[in-house]
Number of protein chains: 2
Amino acid sequence: MRKRPIPEATVARLPVYLRSLLALAEERRTLTVSSEELAGMAGVNAAKVRKDLSYLGSYGTRGVGYDVEYLLYQITRELGLTQDLHAAIVGVGNLGRALASFKGFAERGFRIAALFDVDETVIGTEVAGLTVRDLDELKEFAAEEPLAIGIIATPADGAQEVAERLIDAGVKSILTFASSVVKVPPDIVVRKVDLSIELQILSFYQQRREAISSAREANRVLEGELPGAAGLRTGAAEHAASFDERRAGTLHSDRR
Amino acid sequence: MRKRPIPEATVARLPVYLRSLLALAEERRTLTVSSEELAGMAGVNAAKVRKDLSYLGSYGTRGVGYDVEYLLYQITRELGLTQDLHAAIVGVGNLGRALASFKGFAERGFRIAALFDVDETVIGTEVAGLTVRDLDELKEFAAEEPLAIGIIATPADGAQEVAERLIDAGVKSILTFASSVVKVPPDIVVRKVDLSIELQILSFYQQRREAISSAREANRVLEGELPGAAGLRTGAAEHAASFDERRAGTLHSDRR
DNA sequence: CCGGGCTTGTGACTCTATTCACAAGCGACC
DNA sequence: GGTCGCTTGTGAATAGAGTCACAAGCCCGG
Ligand SMILES: NC(=O)c1ccc[n+]([C@@H]2O[C@H](COP(=O)([O-])OP(=O)(O)OC[C@H]3O[C@@H](n4cnc5c(N)ncnc54)[C@H](O)[C@@H]3O)[C@@H](O)[C@H]2O)c1
Ligand SMILES: NC(=O)c1ccc[n+]([C@@H]2O[C@H](COP(=O)([O-])OP(=O)(O)OC[C@H]3O[C@@H](n4cnc5c(N)ncnc54)[C@H](O)[C@@H]3O)[C@@H](O)[C@H]2O)c1
């Protein structure tokens, strides 16, 4: 179990633990934290926390828990957050602007170093303290100030070309918001955030739920339990259960 | 294999197929599409496409492929996209504004029906043709115009409370952008989109790559292959390989 | 320095997802 | 009407993730 390969699913949860630990460190109440407690904060179960952390090494103390500061450091290191990474946003529209103005990235060690667009009317304007540059200057810019991460916030059409330009400029990690599929060589990591897909997934489960509850209702009516269609409203969020959020990134480059 | 349970992973890919099929339908070149071709467009492999589609039923024709229109219809239906779903955005800041102004949702069958905030200076202003309402009016509003989906775009602090309010107003599907963990009863589906986590995941693989390549470089230097540190730049995106993007949602309600 | 309580770390198991590989079935052409 | 090429649909094999449950190990109090 020791050494190398940290499962993708674990990598995707490390940032969640990190955030929980930061909260603990801030309130300075506890110097250590148990897997149970961390699990509660992160919304996962304790066994998972322990297994995840065990991939990093044996950093806990039996009978006690994990030293908050030390674990914080280890996760930070493992995620490569010890140094600020520079990112460029390409496509300064609605979304690009919101991203550029977002303060939270800096806190987490990401520095938005430049904004690029192709629209003449956008180039040269100032957004969140940065001047929007012409996409043509990307390579040149990156040569001077290496960019670790490229963020694509253009419409779907442009995305593939932008990705290629980013790669050509030396960027190896890409986050895209465009709804198109972006294809890249196997040594490049792309993550895609697609809000429409998220909504569609919600729609699927919503519909499923409706199907089930209307079936149940029909049943009850048949069985004479209900007079007609009455409220099926469920109790509010008092006894809110913990809810697992997974976001598994993928590296299988799945070529063909 | 037939009937009911469509795996989560499959659900998450259906929207991708849907989009590919829409593109095909639009260009009206082909009436049918093979799993191979669809796989190419969606950036996954053909076996996966076939298995995914087989969960919906046997909609293909051996030796021929899938009828584009028919498949389109089936996926649309399965995802529950035959009717427009109404969504509300809570938190009209940088991100909320960008979301509200985004045209793409409407195209995909989602209607942003209302915007809510708590900030006096924001309430009453107009954003993307909608007047921002006071969050206190949420329940009332939802009673009149049922909301299928709630989108949380507030800072992390507010998110849990907003979620509870949404649930109280009858919303069963939630998409949150806040970096906090949102806990909900098991009958509510939450999906979380966390951009900072995405960047941190990229950071992890970036760092990993650097570790590997510098190790390799060190090796080469030892073996006398390289004079010093020279360009390790990889070829551009000519022979771009297909790249699998997974986003598995989770429904295990993982309570404790 | 011993025992009890507590919490980690991890093998073993289970469940889910992916991939392989091939028989079955369709259409077209002779 | 037979055969050939192509493509689906799916069992079986494999890989990956999650969960269980417990021995090992630490701390503290006596
Ligand atoms: N706005 C949202 O809330 C939202 C939600 C979901 C998805 N998205 C996705 O994010 C992307 C951007 O959305 P948006 O609303 O900001 O769009 P937008 O139209 O407001 O902005 C796009 C920007 O990209 C620029 N651009 C176009 N082609 C370019 C190219 N080849 N290189 C560089 N820049 C280019 C345009 O000039 C424009 O400034 C889209 O792919 C969209 O599907 C956005
Ligand atoms: N802007 C981005 O690009 C971006 C990127 C990543 C993550 N996020 C996340 O998205 C969320 C919103 O980000 P933002 O940049 O739009 O923030 P913001 O500060 O610009 O806007 C937040 C809005 O929410 C409102 N709000 C605060 N508490 C509220 C409550 N309890 N109920 C209703 N409304 C409330 C505020 O009045 C404000 O209008 C944050 O959680 C942030 O972490 C944003």
Side-chain angles (χ1 to χ4, degrees), chain A residues 1-14 17 30-40 42-68 70-71 74 242-256, chain B residues 1-14 30-40 42-68 70-71 74 242 244-256:
Chain A
M1 176 139 300
R2 287 314 327 298
K3 236 43 220 163
R4 281 304 93 71
I6 300 184
E8 267 175 59
T10 294
V11 172
R13 279 187 299 266
L14 289 179
Y17 303 146
T30 48
L31 293 181
T32 71
V33 62
S34 69
S35 59
E36 189 90 25
E37 189 179 358
L38 194 49
V44 302
N45 77 31
K48 213 186 278 185
V49 169
R50 290 201 297 276
K51 183 146 280 198
D52 283 342
L53 296 181
S54 80
Y55 289 112
L56 310 186
S58 263
Y59 298 145
T61 309
R62 291 165 192 234
V64 178
Y66 300 88
D67 182 280
V68 173
Y70 188 55
L71 195 51
Q74 290 298 342
S242 160
F243 200 88
D244 184 21
E245 279 291 333
R246 175 160 38 110
R247 180 157 320 274
T250 297
L251 281 187
H252 316 323
S253 64
D254 195 14
R255 73 199 56 120
R256 24 173 294 71
Chain B
M1 176 140 299
R2 286 317 326 297
K3 239 37 223 163
R4 282 304 93 73
I6 300 185
E8 267 175 59
T10 295
V11 172
R13 281 186 298 266
L14 289 180
T30 49
L31 293 182
T32 72
V33 62
S34 69
S35 60
E36 188 90 28
E37 189 180 358
L38 195 48
V44 302
N45 79 29
K48 214 185 278 183
V49 169
R50 289 202 297 277
K51 182 141 283 201
D52 283 343
L53 296 182
S54 80
Y55 290 112
L56 310 186
S58 263
Y59 298 144
T61 308
R62 289 164 196 235
V64 177
Y66 300 87
D67 181 280
V68 173
Y70 187 54
L71 195 52
Q74 290 298 343
S242 160
D244 184 19
E245 278 292 332
R246 173 158 42 106
R247 179 157 320 274
T250 296
L251 282 187
H252 315 321
S253 67
D254 197 10
R255 78 200 54 119
R256 31 169 291 68

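Worth knowing before you read on, the calculation uses all heavy atoms, side chains too, and leaves out hydrogens, waters and symmetry mates. In what follows, every chain begins at residue 1, and chains take the letters A, B, ... in the order their sequences are listed.
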Can you measure [X] atom [atom1] to [N] atom [atom2] for me and round it to whole angstrom units?
{"X": "A:Leu14", "N": "D:dA17", "atom1": "CG", "atom2": "P", "value": "13 Å"}
{"X": "A:Asp52", "N": "C:dT10", "atom1": "CG", "atom2": "P", "value": "13 Å"}
{"X": "A:Asp67", "N": "D:dC26", "atom1": "CG", "atom2": "P", "value": "16 Å"}
{"X": "A:Leu56", "N": "C:dT10", "atom1": "CG", "atom2": "P", "value": "12 Å"}
{"X": "B:Lys48", "N": "C:dC20", "atom1": "NZ", "atom2": "P", "value": "11 Å"}
{"X": "B:Asn45", "N": "C:dA21", "atom1": "CG", "atom2": "P", "value": "13 Å"}
{"X": "B:Leu53", "N": "C:dT18", "atom1": "CG", "atom2": "P", "value": "13 Å"}
{"X": "A:Tyr55", "N": "C:dG9", "atom1": "OH", "atom2": "P", "value": "13 Å"}

**Study point:** Any donor-acceptor N/O pair under 3.5 Å between D:dT19 base and A:Lys51 side chain
**Key:** yes
Does the side chain of [X] reach to within under 4.5 Å of the side chain of [Y], using non-hydrogen atoms?
{"X": "A:Tyr66", "Y": "A:Glu37", "answer": "no"}
{"X": "A:Asp67", "Y": "A:Thr61", "answer": "no"}
{"X": "B:Leu14", "Y": "B:Leu56", "answer": "yes"}
{"X": "B:Leu53", "Y": "B:Leu71", "answer": "yes"}

Exercise for review: Taking all heavy atoms of A:Asn45 and all of A:Ala39, pick out the closest pair and write down the distance.
Suggested key: C-CB, 3.6 Å
Revision key, fill the gap. Rounding to 0.5 Å, atoms CD (A:Glu36) and CG (A:Leu38) come to a distance of 10.5 Å
Review point. From A:Tyr17 OH over to A:Lys48 NZ, what is the distance, rounded to the nearest 0.5 angstrom?
Key: 7.0 Å
Polar pairs (N or O, both sides) under 3.5 Å between protein and nucleotides 6-8 of chain D?
from, atom 1, to, atom 2, distance (Å)
D:dT7, O4', B:Gly63, N, 2.9
D:dT7, O2, B:Gly63, N, 3.3
D:dT8, OP1, B:Ser35, N, 2.6
D:dT8, OP2, B:Ser35, OG, 2.6
D:dT8, O2, B:Arg62, NH1, 3.2

Review point. What does the inter-axis angle of the helix from C:dC1-D:dG30 to C:dC30-D:dG1 come out as, five pairs per end, nearest 10 degrees?
Key: 0°
